[in-house]
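The structure appears right after this line, and notes come after that.
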Number of protein chains: 2
Amino acid sequence: MANINEIARLAGVSVSTVSRVLNHHKYVSEEKRAAVQKIIDEMNYTPNRNAVDLIRGETKKIGVIIPYTNNQAFDQLLHGVLNRSVEKDYAIIVLPTKYNPDKEIEHLFMLKNKLLDAIIITSRANPWEDILPFTEYGSVISCEYTGHPEIGCSYMDRYASYLEVFQLLKDKGHRNIAFTTARGTESTSTRQTIAAYENVFGKLDRAYQQSDCFRFEDGYAAGQRLLSLDPRPTAVYANGDEVAGGIFKYAKSVGLDIPADLVIIGQENQPVGVGLDLSSLDHQLVKVGEQAFDLAMAKSKAKVETPYKLILRSSI
Amino acid sequence: MANINEIARLAGVSVSTVSRVLNHHKYVSEEKRAAVQKIIDEMNYTPNRNAVDLIRGETKKIGVIIPYTNNQAFDQLLHGVLNRSVEKDYAIIVLPTKYNPDKEIEHLFMLKNKLLDAIIITSRANPWEDILPFTEYGSVISCEYTGHPEIGCSYMDRYASYLEVFQLLKDKGHRNIAFTTARGTESTSTRQTIAAYENVFGKLDRAYQQSDCFRFEDGYAAGQRLLSLDPRPTAVYANGDEVAGGIFKYAKSVGLDIPADLVIIGQENQPVGVGLDLSSLDHQLVKVGEQAFDLAMAKSKAKVETPYKLILRSSI
DNA sequence: ATGAAAGCGCTAACAG
DNA sequence: CTGTTAGCGCTTTCAT
């Protein structure tokens, strides 16, 4: 395909003039500008962005590290990021990790490779110490709060939100509460859930926590296990509405009434929760994602909190 | 940051030798290789992939054109693409269009700009004639069948699947059937839905079709309208399980029994459908996405069909 | 206002 | 086996 040299030759000008036309510089005579534009149109020429990026040293590309792409919570974050990227004309590269630490580091190297201007970490598998070195090569934004000053954060106060849920359940008279989490205690949100629980109800009996819950089926299985405990929980907090939906389905299948026999609260206000009329702790992840993009683009290291909402429906 | 010249200087060799070490060429003496590697490690050097891409003329990046990113169907396709991209070490760039034809063309230009090796179109807003010219610059894969030989296709036989659904409903004795679609007749799948309907039931009364259905709320509103028709439909086919969920919720709210008073069939086997035990026409979009990636990577122009599955639950 | 020339960081003939 | 050299396609001083 044609390149800038050919355009210059055909238009009878130098490459610098073509470059000036391309980049809308002033100080180009109208005649030359027109002549160059004519050739550009004739040749159907477009600059090679790769070459432009190389010389400019920036790519207008932002990576988003995401453990699971078939997960509503991460999809909401990604959706928020994409919302803004379209307006701002940035390209978004999705970087799935399945929480594999090596894969995550491999993705972070794209920053060093000059393939990315910034990276947004929706959830991480590596300790911050292993991530911090990469801030030297580009902006790193986290969707989880961290005090590290090198890292910009667009986050919500998970701990406070969990506290509110557990406190509400306590106020309603519940004493046997179960909950589900995605990962185990290697994850910040799991630790925060446990801390909030223990703040309200005291020491947790680990039998009442079910890890590895991501999808509907996981919720169903969790319901099966948790609802056969003695004493049976009268309320369960699920780390997602899909999981809550699975618990709901199992509970119904064994004849339990919601909410008389079992209160269910889900998370992230997803369609399945709306459909089953489940209460949901909405962390407003779309907004968090949008904010994360803005921080990334601005290379800001600010810490920005987005408020959560507790949506009460008939399941409580 | 250090570049290849500096590494060469420090290691006391030429840049070509460094390049050879970097690319694991043979014919590099073990001593030089070691010397170069030592400097690379010391300097914590990584090649600038932008420069590599520029000279190689390929980017190992594939774009995915997606109308809506908060939509389960497209997310399934994207999920499939990402599944394979991680294995094959390709970067995936998400290109949202909201069915804006200009935005779509803008994205296609990334192929011409040498920013992308291939583009996967999950759904399009432009006629094929406007898309075809871009096949000159890279591989274009469609998730909808088209006879154009320049376009590789990973698709499912939508028409046959719709036909099966409507035939099933007819066999079960239904005569008044309503259905929802995403867009209007500018969309292939809408046209195919109508064609399949008319093949089975004859001329469609347009009142029984509801367009612009994407999310749960749209389904609820559609239910409201469709279920007040006279005669009231005894079955409704929804273009997604979220939409089906909305219809379900409205139907329940006015005291209808599912399936006695109303049969509901959704699409794509999504969590909300599982939760509400709705039957669903599963086009296996994850597989379609995986296949699309394989075609894109191989620069294949093959037409590959993925079979659909009709999942029957209690809503029929 | 315009052009020559020096890169951006890397790869790959080519010669030796 | 190794180095020299000519690019990849573009931007940006620096003169004029």
Side-chain angles (χ1 to χ4, degrees), chain A residues 1-40 43-61 109-117 137-138, chain B residues 1-40 43-61 109-117 137-138:
Chain A
M1 217 190 60
N3 63 23
I4 198 172
N5 291 293
E6 191 177 348
I7 302 299
R9 189 171 52 73
L10 261 29
V13 300
S14 72
V15 290
S16 0
T17 299
V18 178
S19 176
R20 288 185 187 106
V21 172
L22 252 20
N23 296 289
H24 308 102
H25 280 209
K26 39 192 184 181
Y27 304 139
V28 180
S29 72
E30 181 48 32
E31 317 148 54
K32 299 235 175 194
R33 206 204 56 71
V36 169
Q37 191 58 55
K38 180 159 171 288
I39 302 294
I40 286 178
M43 301 297 294
N44 187 24
Y45 164 77
T46 328
N48 181 323
R49 277 267 310 257
N50 235 322
V52 177
D53 288 351
L54 172 61
I55 199 161
R56 285 216 232 271
E58 65 161 34
T59 61
K60 295 267 226 167
K61 296 192 194 78
F109 263 95
M110 295 180 79
L111 225 40
K112 195 177 175 200
N113 290 339
K114 297 288 177 192
L115 242 30
L116 257 28
D117 292 346
Y137 310 113
Chain B
M1 217 192 57
N3 63 22
I4 198 171
N5 292 293
E6 192 176 347
I7 302 298
R9 189 171 53 72
L10 261 30
V13 299
S14 72
V15 291
S16 6
T17 298
V18 177
S19 176
R20 287 185 188 106
V21 172
L22 253 19
N23 297 290
H24 307 100
H25 281 210
K26 38 191 184 179
Y27 305 138
V28 180
S29 73
E30 182 48 32
E31 316 148 56
K32 299 234 176 194
R33 207 204 55 73
V36 169
Q37 192 57 55
K38 180 159 169 288
I39 302 294
I40 287 179
M43 300 296 292
N44 187 22
Y45 165 78
T46 328
N48 181 323
R49 277 268 310 255
N50 235 321
V52 177
D53 288 352
L54 172 60
I55 199 162
R56 285 215 230 269
E58 65 160 35
T59 62
K60 294 266 226 170
K61 296 191 195 76
F109 264 95
M110 295 180 79
L111 224 41
K112 195 176 176 202
N113 291 338
K114 296 288 175 196
L115 241 31
L116 258 26
D117 291 346
Y137 310 115

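Lettering of chains follows the sequences in order, A, B, ..., and the numbering in each one begins at 1.
- The side-chain contact (heavy atoms from CB on, under 4.5 Å) search around B/Ala11 returns B/Val13, B/Val36, B/Ile39, not counting sequence neighbours.
- The salt bridge (charged side-chain N to carboxylate O under 4.0 Å, His left out) pairs that include a residue from residues 5-27 of chain B number zero, where partners must be two or more places apart or lie in different chains.
- Residues forming a side-chain hydrogen bond (donor to acceptor under 3.5 Å, both in side chains) with B/Asn50 (at least two apart in sequence, or on another chain): none.
- Listed by chain and residue number, nothing satisfies the side-chain hydrogen bond (donor to acceptor under 3.5 Å, both in side chains) test with B/Glu31 (two or more places apart in sequence, or in another chain).
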*asked:* Across nucleotides 8-16 of chain D, 5' to 3', mark each nucleotide with B, S or - according to how protein heavy atoms within less than 4.0 Å reach it.
replied: BBBBBB---
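- Neither OP1 nor OP2 of C/dC8 sits under 4.0 Å from any side-chain N or O of A/Lys114.
- When the C1' atom of C/dG9 is taken as reference, atom CG of A/Leu115 falls 13 Å away, rounded to whole Å.
- For A/Lys112, the side-chain contact (heavy atoms from CB on, under 4.5 Å) partners are A/Phe109, A/Tyr137, B/Met1, B/Asn44, B/Thr46, not counting sequence neighbours.
- Between B/Glu58 atom CD and C/dC10 atom P the separation is 17 Å, expressed in whole Å.
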